[in-house]
Amino acid sequence: MARASASIATFLRQFRGETQTQARRLTVECSESESSSDGSSAGGNPDLGEIAKEVSNLIRTKPRWEQTLRSDFPSFNFADSQFFQELLKHQTNAFLLFKFFHWLRSELDFIPSIKTWNSVLQCCLKLGKTDLLWKMYQDMMETGVVADIDTDTVFCLIDAFAKGGEAGKGYELLKQLLKDGLPLQNAPFIKLISAFAKRGENDVVSELLHTMIARTMRPDVHTYQEVINGLCKNGMPLEALKVFNNLKDRGYAVDRVMYTTMIHGLCISKHVSYAKELWLEMIRKGIVPNHYTYNALIHGYFKSGNVEGAKELYKEMSDRRNCGETTVAYNTMITGLSMNGKNDEALELFKSMPEKGMVRDLISFNTLILGLCKEGRTVESRKLIEELLALGLHPSASTYSPVIQKLCLSGDVQEGIILWNEMQNKGLQPSAWTYHHFIAGLCKEKGYETEAMEWLFVMLKNNLKPKQSIFERVVQCLLQNDRVDDSLLVLNYMVKVGYSLRGIVINHFLWCKLPKNNPLFVKQNNS
DNA sequence: AAGAGTCGCA
């Protein structure tokens, strides 16, 4: 593995704000990477694997292994890095491994080599714990291995940046590797492409693809799958389809996941006919649709109003593939039915779930509540919320939002306030859209202008941008209650977030406040 | 080896 250059080390220090690293200590395992890395089980000590297996079992089953381990293996050197590598192979529980790693370092003065550190970092990534990774990385830098950092380390860091929403920093690192002319693999490219594609930053995605191609690294189907997924999620399904067709023309083996991703992307943007074409094409090629594929197309049919088609497909999935009786499949059906005004059918399915031994999850509840609210059935929706809480499920903002919105729209603001408070008490953050409905509802009700203003400020504090019309509603509402100073305060905020004064607001002022002593108004009256 | 799916977007 190539050692990373000094410039990378400097670069990394800038990123995470490390303090000066300590003087580098001599490592007891300095020769590890040269001599023994290739022969982990064949070369060297044949007992190592066996002992690793034993120790692995021990730390899994014995509660206080820390106290007895050394006397259990009196002459064994646990601080042998090869041993730790062996242990990594046998230990599947990463947290236990971290505990052991910590024990080695604190009790036995174990000084891990860069290879060991890399394995630890990879473990963090596997667990999806990027915060833990950065903590480990900090530790690692403090032990002074900074000069040993190799491309494996940097790959881990790039992955962590990509996963942690800092793809930009990851890309900077990759650029540094490129500049240093170090040998690269597909992996870091794929992670970054995936991250940028998800964010819809297509120019960066194509830049990365071009870099790969220029370095004769052939991006694989998996890479392109991320690209296609990103394009679809960002509302560019037809561009995704172009990439997809282009891949087929270039002889890539397009598999079931690719087809499913593409079909799903087309379905969510209402291009069902293209999706159906692909569906037939994959069957012609002998690729059997699985429950992901079925659900995607069923959802697409419902979305385009083809209820019969969706039902037929569902029946086929149940009869021929035997995967109709799952929570996901039912949720898809419930969503689709209530989206198409068939709430009673959806309700029936929903009610039959426990009888059939299926678990109803939050999505089952949320989708049904949404559908019922669309028809104004807020009483039933509230009952569903009670039921969900009784089952011990944790509601989300979209559990409450549709009910609050409907209540506010239909003038039942009092009930809306009750639910709003319940939602606040559970620490759920409403969407900007829900705030709008709620604030508008408060404005409609007499005597709630202070609340309306306060919730508008809460929105701003939570970095949500209220619509201009909501600002104006609140201003109007305040003026009607002679609260000129407060209305000016709200206007001030409105301008601060980038809106300009519109005629409507000026009219509110003219009508409500200014006529009495405004010379213009007096003049007009006289003339 | 992994990758893909269910909740509205006014």
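Labels below follow one simple rule: chain letters A, B, ... track the order of the sequence lines, proteins then strands, and each chain is numbered from 1. In this text the structure is predicted, and so the values were computed from the model without any measurement. Just so it is clear, the values below take in all heavy atoms, side chains as well, and ignore hydrogens, waters and symmetry mates.
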Colleague: List the residues meeting side-chain contact (heavy atoms from CB on, under 4.5 Å) with A:Ser396, not counting sequence neighbours, and say none if there are none.
Modeller: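 A:Ser396 satisfies side-chain contact (heavy atoms from CB on, under 4.5 Å) with A:Leu362, A:Asn366, A:Ser398, A:Thr399 only.
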
Colleague: Table please: side-chain donor-acceptor pairs of residues 323-330 of chain A below 3.5 Å, with sequence neighbours left out.
Modeller:
{"residue": "A:Thr326", "atom": "OG1", "partner": "A:Ala329", "partner atom": "N", "Å": "3.1"}
{"residue": "A:Thr327", "atom": "OG1", "partner": "A:Val359", "partner atom": "O", "Å": "2.9"}
{"residue": "A:Tyr330", "atom": "OH", "partner": "A:Lys356", "partner atom": "NZ", "Å": "2.9"}

Colleague: Quick one: list whatever passes salt bridge (Lys or Arg N to Asp or Glu O under 4.0 Å) with A:Asp412, sequence neighbours left out.
Modeller: none

Colleague: State which residues pass ring pair (Phe, Tyr, Trp, His ring centres under 6.0 Å) with A:Phe350; sequence neighbours excluded, sorted by chain then number.
Modeller: A:Phe365

Colleague: One character per nucleotide, please: for nucleotides 3-10 of chain B, 5' to 3', B when the base has a protein heavy atom closer than 4.0 Å, S when only the sugar-phosphate does, - otherwise.
Modeller: BBBBBB-B

Colleague: Apply salt bridge (Lys or Arg N to Asp or Glu O under 4.0 Å) to A:Lys315 and list each qualifying residue two or more places apart in sequence or on a separate chain.
Modeller: A:Asp319

Colleague: The criterion is ring pair (Phe, Tyr, Trp, His ring centres under 6.0 Å); which residues satisfy it with A:His291, sequence neighbours excluded?
Modeller: none

Colleague: With the threshold set at under 4.0 Å for non-hydrogen atoms, list the residues of residues 411-425 of chain A touching DNA chain B in residue-number order.
Modeller: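 Output list: empty, so none.
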
Colleague: Does A:Trp420 have any ring pair (Phe, Tyr, Trp, His ring centres under 6.0 Å) partners at least two apart in sequence or in another chain, and if so, which?
Modeller: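 Scan of A:Trp420 (ring pair (Phe, Tyr, Trp, His ring centres under 6.0 Å), adjacent residues dropped) gives A:Tyr435, A:Phe438, A:Trp455.
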
